[in-house]
Amino acid sequence: MTQVTRRTKILATLGPATDAPGVLDSLLKAGVDCVRLNFSHGDPSAQVARAEALREAARRAGREVAILADLPGPKIRIEKFENDRVELKRGDRFDLVAREDAPAGNEREVGVSYLGLPGDVTAGDVLLLDDGMMQLEVERVEGERIVCTVLNDGALSNRKGLNKQGGGLSLGALTPKDEELIRVAAGIGVDFIAVSFCRNAQDMHDARRIAVEAGSHAALVSKIERTEAIENLTEIVEASDVVMVARGDLGVEIGDAELPGLQKKIIREALSRNRIVITATQMLQSMVDSPIPTRAEVLDVANSVIDGTDAVMLSQETAAGKYPLKAVEAMARICLGAERQFTHDTDFEAAPRNLDRADQAIAMAAMFLSEHIGVRAIVAITESGGTPRFLSRFRSPAQVIALSSDEAARRRMALMRDVTALSFESAGMSAGVAARGAARMLFEQGLLEEGDRIIFTSGEIMHQHGATNTLRLLQIGPGGAAEGLGEL
Ligand SMILES: Nc1ncnc2c1ncn2[C@@H]1O[C@H](COP(=O)(O)OP(=O)(O)OP(=O)(O)O)[C@@H](O)[C@H]1O
Ligand SMILES: CC(=O)C(=O)O
Ligand SMILES: [K+]
Ligand SMILES: [Mg+2]
């Protein structure tokens with residue numbers, strides 16, 4: 001029997017907590033669709049090793065799992081502590097030392113990565129560390145030392161981020177280190193590259209040029225996490241394949257009160273421009289230390305699904321938390337629940353209007369039919385994933401099965417909501433032969449059963465890029481033989 005599959009995709013950050021034996025295997029079994037390598041932390045070679053471990057685990061699991069490389073960007077960070085972590089009390093003095101060779105930190109001071117920081121702050125500025133979990137007020141600047149007062153009780157650990165309340169500290173988007181890391185990411189064949197703190201379309205074009213020159217076909221993710229990115233949202237979305245609502249930095253740059261509205265706006269903008277969208281950061285934050293999420297977290301994940309996100313992301317929960325598996329299981333459970341409880345008719349009103357591609361037109365027609373005649377699935381035979389992308393931009397009850405012989409293309413579909421990408425070789429087949437062969441394969445894999453109605457989309461002769469121009473209605477007969485659908 002066809003089982004209920006989760007439609008919203010899960011992206012999980014790898015880190016020390018997923019390096020332990022067996023953890024990666026358990027996360028894949030629990031349904032992780034794509035992993036994130038955060039190049040802000042650890043040595044790049046550690047992330048390269050994680051990519052290799054992921055591929056081995058995926059092979060063991062018989063699954064295809066995508067890899068996203070997240071670039072550090074110009075984020076300012078504190079350096080490390082002698083004992084990795086300190087506890088600070090409200091009213092304490094705590095200094096930031098902007099010096100190349102600053103010693104490891106303690107309860108009184110810590111180094112910062114950006115040597116220009118003392119010139120960019122003045123007395124009275126509030127500095128937000130660790131996405132705002134720790135707040136410092138600047139008292140005065142003494143050369144390379146910024147003397148601060150701690151504003152709240154809390155803990156601080158190695159390499160946490162630092163922002164100025166109200167923004168204005170961020171520098172250019174692509175640092176020389178990012179350029180180098182794009183080449184590292186290209187070298188290990190990642191499927192997605194995420195540009196942190198992008199400001200405009202040009203930042204995305206620059207990243208793409210460097211990636212392409214390095215031989216990468218990765219899809220590019222713009223991380224929306226600073227004021228300029230909100231101002232230039234439309235051009236950034238147009239220049240990206242995928243958009244991330246990076247709530248951690250966005251919340252400190254713009255203020256947390258603006259986040260709910262911005263999340264909905266970014267998701268709407270991405271969908272209406274046929275882009276994929278990820279919602280990220282602190283989704284199940286309490287699960288870093290606790291095996292169960294708070295009610296507020298459950299509601300947050302479910303609300304992102306209702307907002308229309310393609311994928312939800314886990315950060316520290318899986319990278320450095322105590323319960324990585326439970327976090328993924330909770331994510332999967334909450335997404336499924338939200339999808340079950342909030343079904344609605346396909347919103348053709350919200351569908352893109354200006355059709356300029358045949359595959360987009362076919363996708364629109366397929367959606368309209370699936371809504372009105374009731375089908376088990378829309379099966380798209382595709383090389384690059386173009387038609388599934390258009391199909392998955394609707395928030396529709398229809399299930400999309402994408403069949404492609406191109407493994408990299410299948411992995412780039414890993415973040416598309418509603419889409420299951422499977423391997424299928426159809427080179428040179430006519431549309432009719434390919435559709436019948438695909439129907440039989442899906443029947444044999446238990447994804448279709450006798451009596452199911454399906455919509456097939458494809459080109460006329462398989463393996464012609466961008467050539468989807470046919471749509472057919474079929475019904476599964478005995479033994480998986482597909483028949484033309486006559487009576488509706
Ligand atoms: N590879 C890693 N090695 C060590 N710690 C990690 C690693 N990845 C994540 N962490 C820990 O988990 C926390 C949250 O992870 P996340 O990937 O969101 O990093 P971040 O620094 O908050 O975000 P970003 O780099 O995207 O701004 C980090 O601050 C760090 O403490
Ligand atoms: C993911 C990320 O970079 C953020 O939320 O800021
Ligand atoms: K990063
Ligand atoms: Mg960020």
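For ligands, and for the atoms within them, numbers begin at 1 and follow the listed sequence.
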For ligand 1 and [X], I'd like to know whether there is a polar contact (N/O to N/O, distance under 3.5 Å).
| X | value |
| --- | --- |
| Glu225 | no |
| Asn38 | yes |
| Thr13 | no |
| Asn158 | no |
| His41 | yes |

Which ligand 1 atoms are under 4.0 Å away from a heavy-atom of [X]?
| X | result |
| --- | --- |
| Asp249 | 27 (O) |
| Arg50 | 1 (N) |
| Ala319 | 8 (N), 9 (C) |
| Arg77 | 21 (O), 24 (P), 25 (O), 27 (O) |

Check [Y] with [X], please: is the shortest side-chain N to carboxylate O separation under 4.0 Å?
| X | Y | answer |
| --- | --- | --- |
| Asp95 | Arg93 | yes |
| Arg60 | Asp25 | yes |
| Asp191 | Arg412 | no |
| Glu180 | Arg183 | yes |
| Glu253 | Lys164 | no |
| Arg7 | Glu339 | no |
| Arg6 | Asp33 | yes |
| Arg208 | Asp241 | yes |
| Lys223 | Asp249 | no |
| Glu407 | Arg411 | yes |
| Arg85 | Glu87 | yes |
| Arg159 | Glu79 | yes |

What is the nearest protein non-hydrogen atom to [atom], stated with its residue, atom name and distance?
| atom | value |
| --- | --- |
| atom 22 (O) of ligand 1 | Asp131 OD2, 4.4 Å |
| atom 18 (O) of ligand 1 | Ser315 CB, 3.2 Å |
| atom 14 (C) of ligand 1 | Gln316 CB, 3.4 Å |
| atom 11 (C) of ligand 1 | Ala320 CB, 3.9 Å |

What part of [X], side chain from CB on, backbone N/CA/C/O, both or neither, has a heavy atom under 4.0 Å from ligand 1?
| X | result |
| --- | --- |
| Arg36 | side chain |
| Asp130 | neither |
| Lys223 | side chain |
| Gln282 | neither |

Query raised in the report: Which is the closest N/O/S atom of Glu225 when seen from the Mg ion (ligand 4)?
Result: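 Considering only N, O and S atoms, Glu225 comes nearest to the Mg ion (ligand 4) through OE1.
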Query raised in the report: Considering only N, O or S atoms, which atom of Asp249 is nearest to the Mg ion (ligand 4)?
Result: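 For Asp249, the N/O/S atom sitting closest to the Mg ion (ligand 4) is OD2.
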Requested in this report: Give the intermediate values and the outcome of side-chain contact (heavy atoms from CB on, under 4.5 Å) for residues Asp70 and Ser196.
Outcome: CA-CA 7 Å; Asp70 194 334; Ser196 295; 3.1 Å; yes
Query raised in the report: So which of Lys160, Gln47, Gln285, Lys75 gets nearest to atom 27 (O) of ligand 1, if we judge by its closest heavy atom?
Result: Lys75
Requested in this report: From atom 4 (C) of ligand 1, work out which of Ser157, Pro16, Ser40, Gly15 has a heavy atom at the shortest distance.
Outcome: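 Heavy atom nearest to atom 4 (C) of ligand 1 belongs to Pro16.
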Query raised in the report: Taking the K ion (ligand 3) as the centre, how many protein N/O/S atoms fall inside a distance shorter than 3.4 Å?
Result: 4
Query raised in the report: Under the 3.5 angstrom rule, does the side chain of Ser216 hit a backbone N or O of Val212 as a donor-acceptor pair?
Result: no
Requested in this report: Please lay out, stage by stage, how Arg275 and Ser240 fare under the test side-chain hydrogen bond (donor to acceptor under 3.5 Å, both in side chains).
Outcome: CA-CA 7 Å; Arg275 269 35 178 207; Ser240 317; over 6 Å; no
Distance-only check: which donor-acceptor pairs under 3.5 Å involve side-chain atoms of residues 276-289, not counting sequence neighbours?
{"from": "Thr279", "atom 1": "OG1", "to": "Thr309", "atom 2": "OG1", "distance (Å)": "2.9"}
{"from": "Ser286", "atom 1": "OG", "to": "Glu297", "atom 2": "OE1", "distance (Å)": "2.8"}
{"from": "Ser286", "atom 1": "OG", "to": "Glu297", "atom 2": "OE2", "distance (Å)": "3.3"}

